[in-house]
Amino acid sequence: GIYGDVKSNTDLAFDKLSKINPVLEGVDILKKYYSSIDEMVRDFKSHQIDFALIPTSNRGNLIAENQKMFECENASIIDTIDMKINYALGSRIKDYKLDKNTVFYSHRQSIKQCKEYIDSISGLSKECSSTSHAAKHVSLNYTDDNVVCISNHESIEFYNLYKVKDLDII
């Protein structure tokens with residue numbers, strides 16, 4: 001189980017771990033994506049999934065809601081990975097110009113980390129379950145020119161968005 005969507009930071013971490021961890025190396029693993037930690041815990045407890053990959057901290061701070069996974073019987077950490085995540089703003093509009101009408105879609109943690117930047121533009125923010133879900137949401141649901149996502153570069157490319165601006169928030 002992967003907490004996040006396709007091309008989420010957790011998905012990218014799994015791809016990286018599967019190349020360097022002997023437990024995962026060469027194992028044919030079917031990925032199942034979750035937008036809720038509660039759903040993932042439920043499936044882990046009922047043995048519908050054998051592995052769960054979740055972010056446990058962000059910038060050194062524990063992510064409290066994700067600690068639920070460690071309350072499961074037989075749950076243990078088999079590996080950890082530190083990743084630098086370079087975010088960017090993605091838009092369906094090629095030469096999008098940010099202004100006070102801009103609506104930023106992203107995961108709540110990324111919105112929190114970019115709050116000062118969003119406030120400097122007087123933009124609005126809307127939460128999504130992950131940064132990759134925000135990219136997917138902007139890609140599939142909007143044709144107007146006032147929405148952007150805060151996401152990793154891989155999600156922006158995967159969902160055929162244009163990169164508006166790099167944001168090194170992590």
Side-chain angles (χ1 to χ4, degrees), residues 1-90 103-115 124-142 147-161 167 169-170:
I2 295 175
Y3 186 41
D5 293 303
V6 174
K7 298 296 180 187
S8 66
N9 298 320
T10 310
D11 190 25
L12 300 175
F14 176 82
D15 291 343
K16 189 173 181 179
L17 272 175
S18 66
K19 293 176 184 155
I20 62 172
N21 185 299
V23 172
L24 300 173
E25 191 176 354
V27 175
D28 188 25
I29 295 177
L30 176 64
K31 294 179 181 179
K32 183 172 182 181
Y33 298 94
Y34 292 87
S35 60
S36 158
I37 194 70
D38 292 327
E39 291 172 15
M40 182 181 267
V41 167
R42 182 199 65 222
D43 283 0
F44 186 82
K45 285 180 175 179
S46 67
H47 305 286
Q48 292 183 43
I49 58 172
D50 299 315
F51 291 94
L53 188 66
I54 58 171
T56 57
S57 67
N58 187 314
R59 298 177 110 182
N61 299 313
L62 288 177
I63 302 172
E65 71 176 305
N66 294 358
Q67 299 304 308
K68 293 176 186 178
M69 182 55 75
F70 300 110
E71 297 168 6
C72 295
E73 186 177 328
N74 298 323
S76 62
I77 297 172
I78 60 168
D79 208 341
T80 62
I81 188 168
D82 290 321
M83 292 180 57
K84 178 173 174 43
I85 301 165
N86 295 311
Y87 285 108
L89 297 178
V103 179
F104 295 82
Y105 283 85
S106 196
H107 185 267
R108 72 177 161 276
Q109 185 69 28
S110 301
I111 290 171
K112 182 179 172 184
Q113 291 167 329
C114 292
K115 184 176 178 2
L124 301 171
S125 60
K126 303 275 186 174
E127 288 185 11
C128 290
S129 61
S130 70
T131 58
S132 60
H133 183 257
K136 180 179 180 180
H137 183 73
V138 168
S139 173
L140 298 177
N141 295 314
Y142 289 97
V147 295
V148 296
C149 64
I150 301 169
S151 192
N152 62 42
H153 293 259
E154 292 83 356
S155 292
I156 289 170
E157 182 179 326
F158 184 79
Y159 290 109
N160 297 313
L161 297 172
L167 297 172
I169 59 171
I170 296 180

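Computation of the quantities below employed the complete heavy-atom set of this structure, encompassing side-chain atoms and omitting hydrogens, waters and symmetry-equivalent molecules.
Interatomic distance, NZ of Lys136 versus OG of Ser129, reported as 9.0 Å (0.5 Å rounding). Taking CD of Gln48 as the start and CE of Met40 as the end, the distance is 12.5 Å to the nearest 0.5 Å. Atoms CG and NE2, from Leu161 and His153 in turn, are 12.5 Å apart once rounded to the nearest 0.5 Å. Once rounded to the nearest 0.5 Å, the distance linking OH of Tyr105 with OG of Ser139 reads 13.5 Å. Tyr159 OH to His137 NE2: the interatomic distance, rounded to the nearest 0.5 Å, is 12.5 Å. Remark: Ser110 OG to Glu127 CD distance equals 10.5 Å, nearest 0.5 Å.
Contacts of Lys31 classified as side-chain contact (heavy atoms from CB on, under 4.5 Å), with partners at least two apart in sequence or in another chain: Ile2, Asp11, Phe14, Asp15, Tyr33. Applying the side-chain contact (heavy atoms from CB on, under 4.5 Å) test to Lys7 and every residue at least two apart in sequence or in another chain returns Leu12, Glu154, Ser155, Phe158.
Summarising the geometry of Lys32 relative to Asp43, their closest heavy-atom pair is NZ-OD2, 3.0 Å, with the distance given to 0.1 Å. Nearest heavy atom pair, residue Cys114 against residue Leu167, reads SG-CD1, 4.1 Å. Taking both residues in full, the closest heavy atoms of Ile156 and Cys149 are given as CG1-SG, 4.2 Å, listed atom of the first, atom of the second, then distance.
At least one donor-acceptor pair closer than 3.5 Å links the side chain of Ser151 to the backbone N or O of Thr131.
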Practice item. Show your reasoning for whether side-chain contact (heavy atoms from CB on, under 4.5 Å) applies to Ile150 and Leu89. Key: CA-CA 5 Å; Ile150 301 169; Leu89 297 178; 3.6 Å; yes
Exercise for review: Please assess Val6 against Ser132 for the test side-chain contact (heavy atoms from CB on, under 4.5 Å), listing each intermediate value before the final yes or no.
Suggested key: CA-CA 7 Å; Val6 174; Ser132 60; over 6 Å; no
